[in-house]
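Read the structure below first, then the notes.
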Protein chains: 2
Amino acid sequence: MDVKFNNRDPVYVQVIRHFKEQIATGLFEPGQEIPSRRELANQLKINPNTAQRAYKEMEEQGLIFTEGNLPSRITKDEQVLKMVREELILEAVDAFVHSVRSINLPLHEALTLVQNTYERE
Amino acid sequence: MDVKFNNRDPVYVQVIRHFKEQIATGLFEPGQEIPSRRELANQLKINPNTAQRAYKEMEEQGLIFTEGNLPSRITKDEQVLKMVREELILEAVDAFVHSVRSINLPLHEALTLVQNTYERE
DNA sequence: TATACTGTATTAAGTGATTAATACAATAAA
DNA sequence: TTTATTGTATTAATCACTTAATACAGTATA
């Protein structure tokens, strides 16, 4: 568990983003335990309340669930896990296409640039 | 002059972004007059100080210049104008490639999705 | 000349989001 | 039965951004 933070977005948003990327990549098993709020806060050097904020939102979104005072877990609903990946993809593509349009960058140039950038390193 | 604001980013940042997109698209002549702070504020329904904040940063970045108390103008340095476009392109491509990598999306899938999304509408 | 524009600067207040401090109840384990 | 760890809730403090209220000097225009 390691996240590099930027200063633009709220920390709790970046934490959620990180979990979603892990889910989208299939690094979490359905039902898998995740670190406690305090443990995550320690690992990432953030405030426990910030971790709680992130987990609370993830729970509201159905990404994780909590039974009693047991450690929270990744949802067992594989449909939800699948949707996370598709949402991230959709967001990335939409944002890129929007940018490309806003500056009148021809499609083939955009595609070429993506390809070249992707391939180097 | 028409900007649709989101609630995530500071207004003055979005104003700068808008001007950069105009420049990148070639909608501004080098040396062209731009609206006064007060006029822009009226058009966009924002506070004059917010407009001033945006212009001040653009001036610091060399995008616009001001002589005496005359209306500010787009820089005459065409090299700078060219760089604006390239920076926006670079940012967009980098962000997209980064997203694609973070979720292990195969390159050809990414390219196909961009193409399809671009073509519809 | 007077009026209405420019740009610029200072200071203060307000607002919402974010983070922080702290406490409490429940459960598991030593 | 303690002790430590869990999740949760409440309240306070902090911070960036925005807005606001003015003021001043220079310039164009009526």
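Values below: all heavy atoms of this structure, side chains included; hydrogens, waters and symmetry mates excluded.
In this structure, B/Thr66 does not reach the C/dG7 phosphate: none of its side-chain N or O atoms is under 4.0 Å from OP1 or OP2. At the phosphate of D/dG7, OP1 or OP2 sits under 4.0 Å from a side-chain N or O atom of A/Ser72. Residue B/Thr50 places at least one side-chain N or O under 4.0 Å from the OP1 or OP2 atom of D/dT19. Residue B/Asn47 has a polar side-chain atom (N or O) positioned under 4.0 Å from OP1 or OP2 of D/dA20. Between A/Ser36 and D/dT5 there is no side-chain N or O to OP1 or OP2 distance below 4.0 Å.
Nucleic acid contact class of B/Glu67 (heavy atoms, under 4.0 Å, all strands): none. The residue A/Tyr12 sits close only to the backbone: its heavy atoms come under 4.0 Å of sugar-phosphate atoms, none of a base.
One interatomic measurement links the two molecules: CG of A/Asn69 to P of D/dA9, which rounds to 11 Å at whole-angstrom precision. Rounded to whole angstrom, the span from the CZ atom of A/Arg53 across to the P atom of D/dA9 amounts to 14 Å. Atom-to-atom, CZ of B/Arg8 to P of C/dT18 comes out at 8 Å; the value is rounded to the nearest Å. When rounded to the nearest whole Å, the span between OH of B/Tyr55 and P of C/dG7 equals 8 Å. The separation between A/Asn42 atom CG and D/dT5 atom P is 11 Å, rounded to whole Å. In this entry the distance linking CZ of A/Phe5 with P of C/dT18 reads 14 Å, nearest Å. What separates CG of A/Asn49 from C1' of D/dT11 is a distance of 11 Å, to the nearest Å. Rounded to whole angstrom, the span from the CG atom of A/Leu44 across to the P atom of C/dA20 amounts to 13 Å.
Taking the nucleotide of DNA chain D with the nearest heavy atom to each of A/Pro71 and A/Lys56, the more 5' of the two is matched to A/Pro71. Comparing B/Arg38 and A/Leu70, the nucleotide of DNA chain C nearest to each residue sits closer to the 5' end for B/Arg38.
In the displayed structure, A/Glu86 atom CD is contacted under 6.0 Å by more than 12 heavy atoms of other residues, nucleotides or ligands.
Salt-bridge annotation for A/Glu21 and A/Arg17: present, with a side-chain N of the basic residue lying under 4.0 Å from a carboxylate O of the acidic one.
Closest of all the heavy-atom pairs between A/Arg101 and B/Arg120 is NH2-O, 4.0 Å.
For the pair A/Gln14 (side chain) and A/Asp9 (backbone), a donor-acceptor distance under 3.5 Å is present.
B/Arg73 pairs with exactly one of B/Glu29, B/Glu59, B/Glu33 by the salt bridge (charged side-chain N to carboxylate O under 4.0 Å, His left out) rule, that one being B/Glu33.
Here the side chain of B/Glu59 is nearest to one of C/dT8, D/dT8, C/dT6, namely C/dT8.
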